[in-house]
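Have a look at the structure below, then the notes.
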Amino acid sequence: MSEKWDLRFIELAHHISSWSKDPSTKVGCVVVGSDREIRSTGFNGFPRGIDDSIERLANREEKYPLICHAEENAIMHAARIGVSLKDCTAYVTWPPCTRCARSLIQAGIIEVVYAGGTDIPERWVEDFTRSTGMMKEAGLKLRNVNLE
């Protein structure tokens with residue numbers, strides 16, 4: 001895909017991340033097919049029907065077991081509406097964690113493009129390093145795109 005389209009989809013993922021109510025981290029994901037068609041989108045948040053009050057989202061011990069990551073939500077949304085993500089590219093605003101890397105691999109994603117220059121908290125660095133290794137071992141192409 002061209003650099004112009006990469007930037008468009010990463011910018012769209014950033015826009016979608018703004019829909020998250022999480023006060024600390026907002027992540028967006030856009031999954032695109034080979035003809036540049038958008039197959040699914042997702043942002044981090046609680047499952048449908050689960051109260052996502054500010055008090056609940058601000059409490060990490062309560063938030064973490066409940067929250068769905070952006071990539072998971074994009075994959076689950078596609079499954080819900082019967083859309084295949086096989087051979088697609090996922091554009092994400094953060095590098096995927098191991099939890100999401102497993103899901104992306106199993107969904108048939110062949111490429112992950114993530115925004116460069118993202119300031120990753122120290123607590124996630126080890127997990128992102130492991131997830132990058134997993135995705136490469138599984139044959140996914142990984143690319144980092146800068147928004148400048």
Side-chain angles (χ1 to χ4, degrees), residues 1-50 52 57-58 60 63-148:
M1 204 153 319
S2 73
E3 188 175 318
K4 173 181 77 175
W5 283 101
D6 284 344
L7 290 174
R8 287 176 175 171
F9 290 129
I10 285 287
E11 287 170 356
L12 181 57
H14 270 288
H15 175 73
I16 290 167
S17 75
S18 72
W19 302 346
S20 172
K21 293 182 181 179
D22 190 323
S24 63
T25 305
K26 297 181 185 307
V27 180
C29 177
V30 176
V31 183
V32 178
S34 61
D35 288 328
R36 297 192 296 256
E37 77 282 7
I38 295 169
R39 298 269 181 104
S40 191
T41 63
F43 56 91
N44 58 311
F46 288 175
R48 297 169 197 262
I50 303 299
D52 57 1
L57 284 162
R60 288 178 189 263
K63 172 177 76 172
Y64 285 142
L66 298 177
I67 203 149
C68 294
H69 289 187
E71 300 93 326
E72 292 175 313
N73 269 330
I75 292 165
M76 290 183 276
H77 175 70
R80 183 180 174 104
I81 62 171
V83 171
S84 174
L85 301 183
K86 186 177 179 192
D87 299 329
C88 287
T89 298
Y91 289 85
V92 291
T93 58
W94 277 49
C97 67
T98 52
R99 182 170 122 183
C100 291
R102 291 190 306 258
S103 297
L104 291 165
I105 292 164
Q106 292 299 86
I109 299 293
I110 59 169
E111 182 175 21
V112 175
V113 181
Y114 56 93
T118 305
D119 193 21
I120 304 299
E122 182 63 34
R123 68 182 181 272
W124 283 103
V125 171
E126 183 180 341
D127 189 74
F128 287 159
T129 301
R130 182 173 286 123
S131 71
T132 299
M134 283 174 51
M135 290 184 288
K136 285 180 180 176
E137 183 177 340
L140 276 70
K141 181 178 178 187
L142 301 176
R143 289 190 297 122
N144 189 309
V145 173
N146 287 314
L147 290 174
E148 281 94 51

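- Side chain of T93 to backbone of G28: a donor-acceptor contact under 3.5 angstrom is found.
- Remark: T132 OG1 to D127 CG distance equals 9.5 Å, nearest 0.5 Å.
- Residue I67 holds its CD1 atom at 10.5 Å from CZ of R60, rounded to the nearest 0.5 Å.
- Within the 4.5 Å cutoff, the side chain of N144 has heavy atoms near those of the Y114 side chain.
- Partners of D87 according to the side-chain hydrogen bond (donor to acceptor under 3.5 Å, both in side chains) rule, which considers only residues two or more places apart in sequence or in another chain, do not exist here.
- In terms of modelled atom types and a separation under 3.5 Å, the side chain of K26 and the main chain of S20 share a donor-acceptor contact.
- Under the 4.5 Å side-chain criterion, counting only non-hydrogen atoms from C-beta, R143 is in contact with D6.
- Judged purely by atom type and a 3.5 angstrom limit, S131 uses its side chain to pair as donor or acceptor with the backbone of P96.
- Between I38 and L12, some side-chain heavy-atom pair lies under the 4.5 Å cut-off.
- Ring geometry for F9 against Y91 counts as tilted: the plane angle lies between 30° and 60°, on a 0 to 90° scale.
- Between the side chain of N44 and the backbone N or O of T25 there is at least one donor-acceptor pair closer than 3.5 Å.
- With sequence neighbours excluded, the residues satisfying side-chain hydrogen bond (donor to acceptor under 3.5 Å, both in side chains) with K63 are D22, S24.
- A perpendicular orientation is assigned to the rings of W19 and H15, their planes being inclined by more than 60° (bins at 30° and 60°).
- Applying the side-chain hydrogen bond (donor to acceptor under 3.5 Å, both in side chains) criterion to R99, with sequence neighbours excluded, gives E72.
- Contact of the I105 side chain with the M135 side chain is registered, since non-hydrogen atoms from C-beta on lie closer than 4.5 Å.
- Residue N73 is tested with C100, C68, C29 for a side chain to side chain contact (heavy atoms under 4.5 Å, CB included); the sole match is C68.
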